Amino acid sequence: MAYSYCWCCGDTYITHRKYDSSGSLLWSADHGDDVYSIYYESTNDLIIAGGGLIVEDGNDDYDISVWDSSGTRTRTARSGLAVRNALTPTAWGLHRALLDDSGNIVASGRVSVGMEVVPHQNGGSGKNEIQWVVSSGATGGTFTITYDGQTTSALDYDSTAAEVQTALEALSNLDSTKVSVTGGQLPSRGIIVEFTGVLGETNVSLMTLGLGSLTWDQFTVAKLNSSGVYQWGVRPSGSGINETGAIAINPSNGNVLTGSKNFGASQDLLVEYDSSGSQLFTGNPAGATRQISEVGYYSSGFWAYGQLTTSPTLVDGRADWLFLTYDSSGNVNVPATWTGLVHDSRRGAAMDSNERVILCGPTVNSSGIQYDMLCVDSSDYSISWQLSVSGVTFNRVDIDPTSDEIITGGNTTGADDNIYRYDESDGSSPSVQWTDSHGASPTFVWDVAACDSQSYCICGDRVDTDGVRYGPWPF
């Protein structure tokens with residue numbers, strides 16, 4: 001299998017950083033793989049990072065890590081969401097991870113698939129091929145493993161490493177000298193399969209799975225308790241919903257608001273659940289919405305931001321992108337029409353203390369001018385300001401809840417900085433206060449968070465201390 005990815009002992013890597021208000025680096029840390037989500041929980045002064053899965057022999061698997069304000073990791077957890085993104089196989093399946101003030105975790109991403117094979121390290125000179133077998137919501141039944149045309153006998157969903165070793169050794173093209181199995185026991189811990197002997201230091205075929213009688217919970221949003229134990233998982237109704245990206249927790253009652261992507265027929269993409277996972281509200285703004293990219297709660301209810309169609313087409317008088325507010329009962333307020341704007345609304349949004357919403361991502365007007373951030377007044381949907389930034393495409397934005405200062409980050413095509421901090425959003429175009437770079441180009445900043453005392457966290461690709469991205473995508 002042609003991929004190249006491994007975790008090297010002794011090297012120092014960075015996936016997320018924390019800055020003070022002036023842009024001085026307070027600390028940097030390593031989740032273990034690329035981090036796509038960063039979130040600050042203010043009551044307990046904690047930071048939660050969500051990203052690539054880590055499987056280590058003797059340790060619990062995790063794709064979520066929690067950090068204190070000094071940059072010390074306090075715990076890890078496994079969401080149970082799909083590890084690999086089936087539609088875009090060069091990306092991990094977990095999208096967001098949030099933390100409530102009781103320590104519960106809510107995570108979103110690709111729908112759980114029962115059991116997966118995840119490539120970890122490509123075999124080649126000086127290193128053996130390593131592949132993981134990991135659970136994704138498995139609850140019972142059996143599965144099989146196929147390697148290079150040969151298939152094992154049925155394996156229980158909770159098999160140990162020794163049982164997988166025995167099953168693989170029984171194949172005509174494998175034996176005890178060609179494969180070594182550690183890790184486990186499924187489903188709580190992944191199985192680590194290393195190819196050895198005459199297959200050592202060799203680029204071998206990727207194993208595949210037959211799910212047979214395997215049973216599993218299908219969910220795109222999962223809630224874990226403070227000990228990391230799975231509490232419930234939900235999937236918006238409809239066969240087109242295989243991925244949930246946007247999530248928000250209502251601080252007053254623990255309700256969870258979710259926004260999903262639609263790759264099939266019209267579906268309910270905006271869904272609210274109570275703290276126990278029971279559905280409270282469903283909606284599909286404009287009926288033709290392709291995805292909801294960001295959601296949030298505010299004093300009058302909640303809001304959603306997303307993309308109507310796959311092309312810049314007007315729908316019900318609204319352009320390709322939409323921003324909607326709802327009252328607490330789920331009644332939508334119809335926005336004004338934005339004409340002449342085509343917006344990539346797969347990006348980020350955040351609301352300030354005056355209920356103005358900052359949208360980030362490339363927007364092109366009828367004259368062909370690109371804007372990278374916009375400010376929308378949630379009361380009348382008027383656009384207060386638009387800002388163009390050269391050399392960077394912003395992915396996410398957050399706003400300090402007390403100062404209304406803006407932190408945003410994205411990806412660059414050159415040597416430009418990809419972390420920007422602006423002064424407060426007071427209705428006029430903001431001024432940049434400082435910038436920094438998360439690694440050498442091309443390196444992505446995937447998410448940002450405003451933290452305590454006007455400090456800011458960012459997360460992104462795993463880079464070394466010289467800013468060099470840690471290897472190509474693994475698949």
Side-chain angles (χ1 to χ4, degrees), residues 16 18 26-27 29 31 35-51 62-81 94-109 219 221-234 244-259 271-278 280-281 294-303 328 349-353 355 396 398-405 407 447-459:
H16 49 294
K18 187 176 183 181
L26 297 174
W27 52 260
H31 166 83
V35 172
Y36 301 112
S37 169
I38 197 86
Y39 178 80
Y40 175 67
E41 194 280 296
S42 60
T43 300
N44 300 293
D45 198 18
L46 295 173
I47 296 156
I48 182 170
Y62 69 91
D63 53 5
I64 295 167
S65 52
V66 179
W67 307 74
D68 66 19
S69 59
S70 65
T72 300
R73 189 170 68 185
T74 61
R75 61 188 171 106
T76 61
R78 168 79 164 98
S79 69
L81 292 156
L94 184 142
H95 294 342
R96 301 286 181 87
L98 307 185
L99 194 66
D100 69 16
D101 57 10
S102 297
N104 301 305
I105 294 170
V106 179
S108 68
F219 51 87
V221 178
K223 184 174 182 179
L224 315 176
N225 67 15
S226 58
S227 298
V229 178
Y230 175 81
Q231 300 298 291
W232 51 258
V234 291
T244 297
I247 50 174
I249 300 175
N250 189 329
S252 65
N253 55 23
N255 288 353
V256 178
L257 185 65
T258 68
V271 184
E272 185 182 31
Y273 303 91
D274 67 17
S275 60
S276 299
S278 297
L280 299 174
F281 163 84
E294 291 281 12
V295 295
Y297 288 97
Y298 73 120
S299 61
S300 300
F302 52 88
W303 57 268
S328 57
M351 182 177 283
D352 72 10
S353 62
E355 299 183 357
R396 290 287 182 263
D398 200 14
I399 301 172
D400 187 286
T402 56
S403 68
D404 279 347
E405 293 172 337
I407 181 73
D447 201 5
V448 296
C451 302
D452 61 303
S453 304
Q454 294 178 257
S455 61
Y456 306 92
C457 285
I458 68 96
C459 69

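Scope of the values below: all heavy atoms of this structure, side chains included, with no hydrogens, waters or symmetry mates. Quick caveat: nothing in here was measured; it's all calculated off a predicted structure.
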Is the backbone of [Y] close enough, under 3.5 Å, to the side chain of [X] for a donor and an acceptor to pair up by distance?
| X | Y | answer |
| --- | --- | --- |
| Arg96 | Tyr39 | no |
| Ser37 | Gly50 | no |
| Ser108 | Gly245 | yes |
| Trp303 | Glu294 | no |
| Asp447 | Ile38 | yes |

| From CA spacing to verdict: side chain to side chain contact (heavy atoms under 4.5 Å, CB included), Val106, Val221 | CA-CA 7 Å; Val106 179; Val221 178; 3.8 Å; yes
| Run the side chain to side chain contact (heavy atoms under 4.5 Å, CB included) check on Lys18 and Asp452 step by step: do they pass? | CA-CA 11 Å; Lys18 187 176 183 181; Asp452 61 303; 3.0 Å; yes
| Inter-residue atom distance Arg78.CZ - Leu224.CG, 0.5 Å rounding | 10.0 Å
| Interatomic spacing from CZ in Phe281 to OG in Ser328 - rounded to 0.5 Å | 11.5 Å
Can you give me the closest heavy-atom contact between [X] and [Y], atom names plus distance?
| X | Y | value |
| --- | --- | --- |
| Asn255 | Ser275 | OD1-N, 3.8 Å |
| Leu94 | Asp63 | CD1-OD2, 3.5 Å |
| Ser79 | Ile64 | CB-CD1, 4.0 Å |
| Ala29 | Gly71 | CB-O, 4.3 Å |
| Ala49 | Trp67 | CB-NE1, 4.1 Å |

Would you call [X] and [Y] a side-chain contact if the rule is heavy atoms closer than 4.5 Å?
| X | Y | result |
| --- | --- | --- |
| Tyr62 | Arg75 | no |
| Glu355 | Ser299 | yes |
| Phe219 | Val234 | no |
| Glu272 | Tyr297 | yes |

| query | Between Ile47, Asp398, Leu99, Val448, which is the residue that forms a side-chain contact (heavy atoms from CB on, under 4.5 Å) with Tyr40? | reply |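 That would be Ile47.
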| Ser353: side-chain contact (heavy atoms from CB on, under 4.5 Å) partners, not counting sequence neighbours |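 Partners of Ser353 under the side-chain contact (heavy atoms from CB on, under 4.5 Å) test: Asp404.
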| field | For Ser69, all residues meeting side-chain hydrogen bond (donor to acceptor under 3.5 Å, both in side chains), sequence neighbours excluded | value | Asp45
| Can Asp68 and Ser70 be said to form a side chain to side chain donor-acceptor pair (under 3.5 Å), step by step? | CA-CA 5 Å; Asp68 66 19; Ser70 65; 2.7 Å; yes
| message | For Ile48 and Glu41: C-alpha separation, side-chain torsions, deciding distance, then whether side chain to side chain contact (heavy atoms under 4.5 Å, CB included) applies. | response | CA-CA 8 Å; Ile48 182 170; Glu41 194 280 296; over 6 Å; no
| Where do Tyr273 and Lys223 land on the side chain to side chain contact (heavy atoms under 4.5 Å, CB included) test, with the steps shown first? | CA-CA 11 Å; Tyr273 303 91; Lys223 184 174 182 179; over 6 Å; no
